[in-house]
J.: 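The following block contains the structure, expressed as structure tokens.
The structure presented is a predicted model; accordingly, all values stated were derived computationally and were not measured. Below, chains carry the letters A, B, ... as their sequence lines are ordered, and counting in each starts from 1.
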Amino acid sequence: MSGDHSHNEDQIDCGSRVNGRDVICLTCMFHPVSRFMSQTSRLILAVGDSYKHKDKYKEKEHKHKDHKKDKEREKSKHGNSDYRDSSDKKHRDKEKEKMKHKDGSTVKYKDKHKEKRKEEKIKALDGKVKKEKENGFASPQHVKSEPEDNFYHSPKHEKSLKRERDDDNDSEFKPKKIKTENDKKAKKRKQDDGGIKSKKTKNKKGEVIDGKKKAKKEPEEKWKWWEEERYTDGVKWKFLEHKGPVFAPSYEPLPSNVRFYYDGKPMKLSPEAEEVATFFAKMLDHEYTTKEIFRKNFFKDWRKEMTSEEKAKITDLKKCNFCEMNEYFKTQSEARKAMTKEEKQKIKEENERVLQEYGYCIMDNHRERIANFRIEPPGLFRGRGDHPKMGMLKRRIRPQDIIINCSKDSKHPAPPPGTKWKEVRHDNKVTWLVSWTENIQGSIKYIMLNPSSRIKGEKDWQKYETARRLKSCVDRIRNQYREDWKSKEMRIRQRAVALYFIDKLALRAGNEKEEGETADTVGCCSLRVEHIKLYPESDGQEYVVEFDFLGKDSIRYYNKVPVEKRVFKNVQLFMENKEPDDDLFDRLNTSILNKHLQELMDGLTAKVFRTYNASITLQQQLKELTNSEENIPAKILSYNRANRAVAILCNHQRAPPKTFEKSMQNLQTKIDAKRGQLSDARRELKSAKADAKVRKDVKSRKTVETKRKAVQRIEEQLMKLEVQATDREENKQIALGTSKLNYLDPRISVAWCKKWGIPIEKIYNKTQREKFAWAIDMADKDFEF
DNA sequence: GATATAACTTAGCAAACGCGAA
DNA sequence: TTCGCGTTTGCTAAGTTATATC
């Protein structure tokens, strides 16, 4: 795996090991993709668990924190000087003069926020609570190759794709009305497509039950919602009926022989305290339970559940022994695995029954699958990365916490006997069926429909249509932000540079986050000076910017990329006279950016660039990598490589599977065996040929043919295995699923499959085919994103 | 305009599932 | 039939964006 080249000065060499993890350069890792990756970018991939420490990274953070501490003191002495006012470099002075000219305001958008962060940081440091970056994952980042031929004009907007549904302002949402409306639609479609499936889709409410049975027996008869009209004016549905959520099973106290020990002595806990103790006991093998914050938060919340006697006695978590409880749960889990077939079958049937009862709702005459109909059970909060709230108790949700959303005229879900819902509302401007407020962040959680549902599918389709519209005006937008790099106003320059990063590197928007409430992660607009390094020259390239920060889910983004001179100079300017923990874009936030984007194109937001660039990259890559001469497995490898290119662009990483090495070894063994088989078969063919030459009879000629076919078959099998090995190796720490599910217009994949005669099942599994049913149905082989 | 809140999408991990080899 | 492994599915945290409120 080791490459013969090395990366940058303070970078890690390809093939070396950092803190026990392999460092792999993607250029070595998979060539076809690297072909389109910028030759100048340097991609380093450090292998490891996303939330594990990486000392090198940590060290750097430490340095920054210490540095920050010093600077804080200095700053409090001298006040916060405006970086625009002092510079010893001539050209920058000139730039600054220009800036001042038009942008004389002294108030920076983010000052308040920044100050707060500083205060808290000082507090944290004073309190000797050192925050460390947990994630040691370096991103396998690549720079999107910028398409030059973006002048394709999508002929239609999503709005024009379908006629808008008449909004009859029906505030009552009576099924009767729906029927009338549907009858109209049925007539319309009869004209359109000969009325296929009209019977089922046109059923009135009472007949849906019938459709239920039908759906089970004849799953091929699916509702083509994409052939119908859409609602307008924010109405999401007109009729909604469901059975409410399924609550977590109530707590079952431990058997008396399973004991908790405090300070070496057995201690019987009250049911409330015991339940919370089991949450911790179940996690004993997890790294979480060794983390100081986790333990602190857990213990604090656990004590809240204790009786006063327990509280008085249990004062030190270190003296708590949960081992017996932990053993008990392990035994339970073993027992579950060892259940008889019949027992397992019974459980399966019960699950199916619950699914049938609670897992579906009726929305506008159709029985639709609900995504998450079970309420999240109580437990300990497991935040990602260095989360300040990890270990806190996630409390049990009760009926009185639940808000039900359904039609007025539907059969309302009944709360469990003796309980009440918090509220039953009838809001058809939202898509959720059930909601509750969670106690860790105070955010609202929802029960919504499955991705295969009309309501989700329509939105998904619309998302890709917006991205396709961007395709037709991306050149104009790019030209504009290039112009804006020269603006006299700082805020406009910042906006333009940020947009360039979002477009070129597929960065997320980067909202501001409340300090101390979540892990310290950033996106584009919230980048800080400490996340960027500038190299006027590096590795023979000019104007190189190095990004190193923790993004969503505390996944590390690392990328060293050459940028245009003007961008470089601007970033230099933005960084001037700032502290490491100052915002890079102090005059920009996501709201400002998105407002600007909205002006450039209707419906345009920062995240559309991610969708657009992901999809366009897939399409380009498929064109480039697919070889018409190759067989199906080879073509699928090409598809996966194109998919991989997108995953790299979007920085979708995964921890290498625990069994990765072993599984590669197994595959290699298979390959070796197959090679042996092949040489045997070839030998046999040779001798059969020789034999046939001597004998010259039909039988021996037949034998030759048989042997020839055997060789061919084995060759094919070997090729398949080798392709599989390549694919798996290249995929070691790249997650394809996220981009496939969320960023790639499915019509591109469907068109590709149709063009090359690849069964769609090879690209999408059952769930994915359900989600993308609309695309599978509507895209033909000539579809262009 | 700033801030809070609501609604919805995107994200990675791990348990469950299911299939082929032994 | 069992076992081991790859794949699928469920789970829920963590983002983005729109909207409401002050």
Side-chain angles (χ1 to χ4, degrees), chain A residues 49-51 107 109-110 112-113 135 137 234 236 286 333 336-338 341 344 347-348 351 355 359 371-377 379 381-385 387 389-390 394 403 405 427 429-432 435 437-438 440-446 448-451 455-456 459-460 463 508-514 517-519 521-526 550-555 589-595 597-598 603-608 610-611 614 647 650-655 657-660 662-663 666-667 670 724 728 731 733 735 737-743 764-768:
Chain A
D49 283 343
S50 26
Y51 310 127
V107 183
Y109 288 111
K110 292 184 179 171
K112 211 173 160 188
H113 181 242
N135 176 326
F137 228 158
K236 303 287 166 57
H286 205 287
S333 148
R336 251 194 317 274
K337 275 182 208 156
K341 232 183 189 174
K344 281 183 183 166
I347 292 173
K348 212 176 160 187
N351 283 340
L355 173 71
N372 54 326
F373 57 91
R374 286 173 203 276
I375 299 281
E376 294 171 21
F381 176 75
R382 301 154 85 135
R384 295 175 190 160
H387 203 294
K389 294 190 172 181
M390 63 167 81
K394 220 174 87 164
I403 302 173
N405 192 32
D427 182 356
K429 298 277 171 82
V430 295
T431 66
W432 54 269
S435 78
T437 303
E438 150 270 354
I440 303 288
Q441 318 273 5
S443 65
I444 306 168
K445 300 253 179 166
Y446 303 92
M448 290 181 186
L449 296 194
N450 200 57
I455 214 160
K456 293 288 180 190
K459 199 78 189 295
D460 209 35
K463 173 181 80 184
R508 295 189 184 84
N511 285 306
E512 283 147 277
K513 298 170 76 187
E514 212 173 321
E517 293 292 302
T518 55
T521 62
V522 297
C524 185
C525 295
S526 51
L550 297 182
K552 182 176 179 180
D553 291 327
S554 292
I555 296 290
N589 61 36
T590 53
S591 170
I592 295 167
L593 180 65
N594 280 337
K595 261 179 207 142
L597 292 175
Q598 188 60 47
L604 186 61
T605 64
K607 107 187 166 68
V608 178
R610 240 167 113 81
T611 311
C650 296
N651 201 34
H652 292 143
Q653 303 189 22
R654 64 166 184 176
K658 287 186 186 89
T659 53
F660 183 81
K662 203 180 165 199
S663 96
N666 289 348
L667 198 51
K670 271 191 192 170
Q724 205 185 337
R728 197 177 294 174
N731 231 25
Q733 54 210 87
T738 305
S739 48
K740 204 183 230 181
L741 237 44
N742 301 300
Y743 289 104
Y764 291 135
N765 66 31
K766 189 169 152 275
T767 318
Q768 292 163 342

J.: Rounding to an integer number of Å, can you tell me how far L604(A) CG sits from dT16(C) P?
T.: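 So the CG-P distance, L604(A) to dT16(C), works out to 15 Å.
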
J.: I need the CD1-C1' distance between I592(A) and dG1(B), as an integer number of Å.
T.: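 The distance from CD1 of I592(A) to C1' of dG1(B) comes to 10 Å, rounded to the nearest Å.
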
J.: If you only use heavy atoms from C-beta on, which nucleotide in dA18(C), dG12(B), dT10(B) is closest to the side chain of K552(A)?
T.: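 So the side chain of K552(A) is nearest to dT10(B).
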
J.: Tell me: CG of N589(A) to P of dT17(C), nearest whole Å?
T.: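 Interatomic distance, CG of N589(A) to P of dT17(C): 12 Å.
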
J.: Taking K429(A)'s backbone N and O only, do any of them form a donor-acceptor pair with K236(A)'s side chain (distance below 3.5 Å, no angle check)?
T.: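 Side chain of K236(A) to backbone of K429(A): a pair is present.
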
J.: Counting side-chain heavy atoms from CB outward, which of dT12(C), dA14(C), dG12(B) is closest to F381(A)?
T.: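 Nearest to the side-chain atoms of F381(A), counting from C-beta on, is dA14(C).
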
J.: With respect to the side chain of K463(A), which nucleotide from dA11(B), dT10(B), dC8(B) is positioned closest?
T.: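 Closest of the options to the side chain of K463(A): dT10(B).
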
J.: Select base, sugar-phosphate, or nothing to describe what Y446(A) touches, counting heavy atoms under 4.0 Å on all strands.
T.: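 Base contact.
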
J.: State whether the distance check finds a donor on one side and an acceptor on the other, under 3.5 Å, for side chain K445(A) versus base dT12(C).
T.: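 No such pair is found, so the answer is no.
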
J.: Which comes earlier along DNA chain B counting from the 5' end, the contact point of L741(A) or that of S435(A), where each point is its nearest nucleotide?
T.: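 Nearest nucleotide further toward 5': that of S435(A).
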
J.: For dA2(B), does OP1 or OP2 lie under 4.0 Å from any side-chain N or O of S591(A)?
T.: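 So the side chain of S591(A) is outside the cut-off, no N or O lying under 4.0 Å from OP1 or OP2 of dA2(B).
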
J.: Relative to the ring of W432(A), is the ring of Y446(A) parallel (under 30°), tilted (30 to 60°) or perpendicular (over 60°)?
T.: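 If you compare the ring of Y446(A) with that of W432(A), the planes turn out tilted.
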
J.: Can you check the N511(A) CG to dT5(B) C1' distance for me, whole Å?
T.: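 In whole Å, dT5(B) C1' and N511(A) CG are 13 Å from each other.
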
J.: Check whether any side-chain nitrogen or oxygen of T518(A) sits under 4.0 Å from OP1 or OP2 of dA13(C), and answer yes or no.
T.: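 Result: no.
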
J.: Rounding to an integer number of Å, can you tell me how far K740(A) NZ sits from dT9(B) P?
T.: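 In whole Å, dT9(B) P and K740(A) NZ are 21 Å from each other.
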
J.: Whole angstrom is fine here: how far is it from NZ in K513(A) over to C1' in dT3(B)?
T.: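 Computing the K513(A):NZ to dT3(B):C1' distance gives 18 Å.
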
J.: Between I440(A) and K389(A), what is the shortest heavy-atom contact and its length?
T.: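 Looking at all heavy atoms of both residues, the closest pair is O-NZ, 3.0 Å.
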
J.: Whole-Å distance between dA4(B) P and E517(A) CD?
T.: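 Atom CD in E517(A) sits about 11 Å away from atom P in dA4(B).
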
J.: On DNA chain B, nearest-nucleotide positions of T611(A) versus I444(A): which is more 5'?
T.: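 Its nearest nucleotide being more 5', the pick is I444(A).
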
J.: Remember a base hit wins even if backbone is also touched, and classify A371(A) as base, sugar-phosphate or nothing at under 4.0 Å, heavy atoms.
T.: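 Touches nothing.
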
J.: Considering only dA7(B), dT8(C), dT10(B), which nucleotide approaches the side chain of M448(A) most closely?
T.: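 Taking heavy atoms from C-beta onward, the closest nucleotide is dA7(B).
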
J.: May I have the distance from M390(A) (atom CE) to dA13(C) (atom P), rounded to whole angstrom?
T.: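 The answer, rounded to whole Å, is 13 Å.
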
J.: Base, sugar-phosphate or nothing for G523(A)? Non-hydrogen atoms, less than 4.0 Å.
T.: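 G523(A): no heavy atom of the nucleic acid under 4.0 Å.
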
J.: Which sits closer to the 5' end of DNA chain C, K766(A) or N594(A), going by the nucleotide each is nearest to?
T.: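 It is K766(A), whose closest nucleotide lies nearer the 5' terminus.
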
J.: Where is the tightest heavy-atom contact between M390(A) and G385(A), given as atom of each residue plus distance?
T.: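 So the minimum-distance heavy-atom pair works out to CE-O, 3.4 Å.
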
J.: State whether R384(A) places a side-chain N or O below 4.0 Å from either non-bridging phosphate oxygen (OP1 or OP2) of dA14(B).
T.: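 No.
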
J.: At under 4.0 Å, does any side-chain N or O of N742(A) touch on OP1 or OP2 of dT9(B)?
T.: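 So the side-chain polar atoms of N742(A) never come under 4.0 Å of the phosphate oxygens OP1 or OP2 of dT9(B).
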
J.: For residues N594(A) and T605(A), report the shortest heavy-atom separation together with the two atoms involved.
T.: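 Closest approach of N594(A) to T605(A): OD1-CA, 3.5 Å.
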
J.: With a non-hydrogen cut-off below 4.0 angstrom, is K607(A) in contact with a base, only sugar-phosphate, or nothing?
T.: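 Counting heavy atoms under 4.0 Å across all strands, the contact made by K607(A) is with sugar-phosphate only.
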
J.: Report which part of the nucleic acid G551(A) touches: base, sugar-phosphate, or nothing (heavy-atom distance under 4.0 Å, all strands).
T.: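 Sugar-phosphate only.
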
J.: Verify, without hydrogens or angle tests, whether Q768(A) (side chain) and N765(A) (backbone) share a donor-acceptor contact under 3.5 angstrom.
T.: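 It does hold such a pair.
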
J.: Just by distance, do the side chain of K513(A) and the backbone of A519(A) share a donor-acceptor pair under 3.5 Å?
T.: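 Side chain of K513(A) to backbone of A519(A), a donor-acceptor pair under 3.5 Å: yes, one is there.
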
J.: Consider the side chain of Q441(A), meaning its heavy atoms from C-beta on, and name the nucleotide among dA13(C), dG12(B), dA14(C) that approaches it most closely.
T.: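 Ranking dA13(C), dG12(B), dA14(C) by closest atom to the Q441(A) side chain puts dA14(C) first.
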
J.: With heavy atoms under 4.0 Å as the rule, sort P451(A) into base, sugar-phosphate or nothing.
T.: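 No contact.
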
J.: What does K236(A) touch in the nucleic acid at a heavy-atom separation under 4.0 angstrom: a base, only the sugar-phosphate, or nothing?
T.: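 The answer is sugar-phosphate, as K236(A) gets under 4.0 Å only of primed atoms, P, OP1 or OP2.
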
J.: Compare the minimum distances between each of dA14(B), dC11(C), dT8(C) and the side chain of N765(A), then state the nucleotide with the smallest one.
T.: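 That would be dT8(C).
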
J.: Any side-chain N or O of H387(A) below 4.0 angstrom from OP1/OP2 of dA13(C)?
T.: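 Checking H387(A) against dA13(C): no side-chain N or O falls below 4.0 Å of OP1 or OP2.
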
J.: Reading nucleotides 15-20 of chain B from the 5' end, what letters show protein touch, with B for base, S for backbone sugar-phosphate only, - for no heavy atom under 4.0 Å?
T.: ---S--

J.: How is K394(A) classified with respect to the nucleic acid when contacts are heavy atoms under 4.0 Å: base, sugar-phosphate, or nothing?
T.: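 The residue K394(A) makes sugar-phosphate contact but no base contact.
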
J.: Answer yes or no: does a side-chain N or O of H286(A) lie under 4.0 Å from OP1 or OP2 of dA14(B)?
T.: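 Answer yes for this pair, as a side-chain N or O of H286(A) is under 4.0 Å from OP1 or OP2.
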
J.: How would you label the contact of K459(A) with the nucleic acid (heavy atoms, under 4.0 Å): base, sugar-phosphate, or nothing?
T.: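 If one applies the 4.0 Å heavy-atom cut-off, K459(A) turns out to touch the sugar-phosphate alone, with no base involved.
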
J.: Indicate, with a heavy-atom threshold strictly under 4.0 Å, whether T590(A) touches base, sugar-phosphate, or nothing.
T.: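 If one applies the 4.0 Å heavy-atom cut-off, T590(A) turns out to touch nothing in the nucleic acid.
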
J.: Where do E438(A) and K394(A) land on the salt bridge (charged side-chain N to carboxylate O under 4.0 Å, His left out) test, with the steps shown first?
T.: CA-CA 8 Å; E438(A) 150 270 354; K394(A) 220 174 87 164; over 6 Å; no

J.: Ignoring hydrogens and angles, state whether a donor on the side chain of T590(A) or N511(A) is under 3.5 Å from an acceptor on the partner side chain.
T.: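 Yes, because at least one side-chain N or O of T590(A) sits under 3.5 Å from a partner of the opposite role on N511(A).
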
J.: By nearest heavy atom, map R508(A) and E376(A) onto DNA chain C; which one lands nearer the 5' end?
T.: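 Nearest nucleotide further toward 5': that of E376(A).
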
J.: Which atoms form the tightest heavy-atom contact between C650(A) and A614(A), and what is the distance?
T.: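 The answer is SG-CB, 4.3 Å.
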
